[in-house]
**Student:** 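First the structure, then my questions, so here it is.
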Amino acid sequence: MSEIRKHYFLPEYCIIAEGRAKRPSDFAGAAKDSEKNHSESCVFCGGNEEKTPPATAAYKKGEIFADTEKKRVRNWDFRCFPNLYPALSPAPPSPGFRGKGLEAFPGFGFHEVIVESPVHGKKLEEFSDAEISGLMGVYKDRVCHYAAREKIRYVSLFKNSGKAAGASQNHSHSQLLALPVCPQVLERELKAIREGEKCPYCVLLEKEKTSTRLIRENSKFVAFAPYYSTGPFEVWILPKEHISFLGDFSPELLFALGEILRAVLRSYGKVLGNLPYNHMFYQLFETPEYHLNLRLMPRISTAAGFELNTGIYINTVSPEKAASYLRGDINEPTREKVGREK
Ligand SMILES: [Zn+2]
Ligand SMILES: [Zn+2]
């Protein structure tokens, strides 16, 4: 069980969740099966449904089913279930330790795993059009499901791919954490957006569309290496239309989002190989001023003392160069060129 603790004097939070330390890692066991369709030791594989909590939503041929304790849905396309080692939970106990001037809340919230395919070794970049747009539809559906819950202020939707990116399972999956607080990073952005005349994302989008940092665009989205890049090969994907929440996406937008995300991941594969990465949605519901964006960060460098001390990141690959690699203008970079450690 967990609790949300507030900073001594700033509106910032951390989650104390000792239970998560117990979560097992599949990497040693199932990594050897990473090329295979099925791994007996993998808890996320199709056919191994009994090894996880019952699915809250199993998507199968466009319909949604739910498991019961006794009966599990088979042959699903996408499968969502509560994290067995949640950082937050729907009925948390009161915080254990509090003192004068120290604020803590029960660790209320939801923590869900979204398994993206029943096939063990399948990566997002290998998904068909139907599979990748289907996954974007599941993202929308799950985010809406939790945004509608009472007391939920923010839904964090993200993917950890690879151990160094924070994944404890090899099998391709995303996660969702629904929080009772809005993270400071979004609050700060929103304040700046509200103080300006125009949406700054709409403005930067126009700039990046014609810049040397542009990687790719389709009818609905633009993917670029942001001018302000905090790490090598960081990529932002922005919808061309001003839209704040995945829940408002049309089927056309979902399709185009899947298409451009898969294209960027394929470029990562070509340039960086099988490097760990994170992708994260920045979005707000009931906040039309915000402009949704999806950010991708390959885990090439580690935040060291300076970065932790200052919040200022030293990036060894300029976004201009990263974009030209990802567009395919420059051949595969060497390890030294991308600034990868060791
Ligand atoms: Zn698996
Ligand atoms: Zn905008």
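The first residue in the sequence is number 1, and the count goes up from there. Values reported hereafter were calculated over all heavy atoms of this structure, with side chains retained and with hydrogens, waters and symmetry mates removed. Atoms within each ligand, like the ligands themselves, are counted from 1 in listed order. These numbers come from a predicted model, not from an experiment.
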**Student:** Measure from the Zn ion (ligand 2) to every N/O/S atom of H242 and report the name of the nearest one.
**Tutor:**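 Nearest N/O/S atom: ND1.
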**Student:** Checking the side chain of N83 only, and the main-chain atoms of E112 only, is there a donor and an acceptor separated by less than 3.5 Å?
**Tutor:**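 Here the side-chain-to-backbone pair does not exist.
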**Student:** Are F281 and I132 connected in the hydrophobic side-chain network, where two residues link if heavy atoms are under 4.5 Å apart?
**Tutor:**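 Shared cluster, yes.
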**Student:** What is the SG(C199)-the Zn ion (ligand 2)-SG(C202) angle, to the nearest 10 degrees?
**Tutor:**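 About 110° at the Zn ion (ligand 2).
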**Student:** Taking the Zn ion (ligand 1) as the vertex, measure the angle between atom ND1 in H120 and atom ND1 in H171; round to 10°.
**Tutor:**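 Approximately 110° at the metal, rounded to tens of degrees.
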**Student:** For the Zn ion (ligand 2), find the closest N/O/S atom on H291 and give its atom name.
**Tutor:**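 Looking at H291, the N, O or S atom with the least distance to the Zn ion (ligand 2) is ND1.
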**Student:** Output, in order, the C-alpha distance, side-chain angles, deciding distance and verdict of ring-ring contact (aromatic ring centres under 6.0 Å, His included) for H171 and H120.
**Tutor:** CA-CA 5 Å; H171 192 124; H120 185 68; 5.3 Å; yes
**Student:** Using atom types as modelled and distance alone, determine if a side-chain donor or acceptor of T287 lies under 3.5 Å from a backbone N or O of Y290.
**Tutor:**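 Checked: no pair found.
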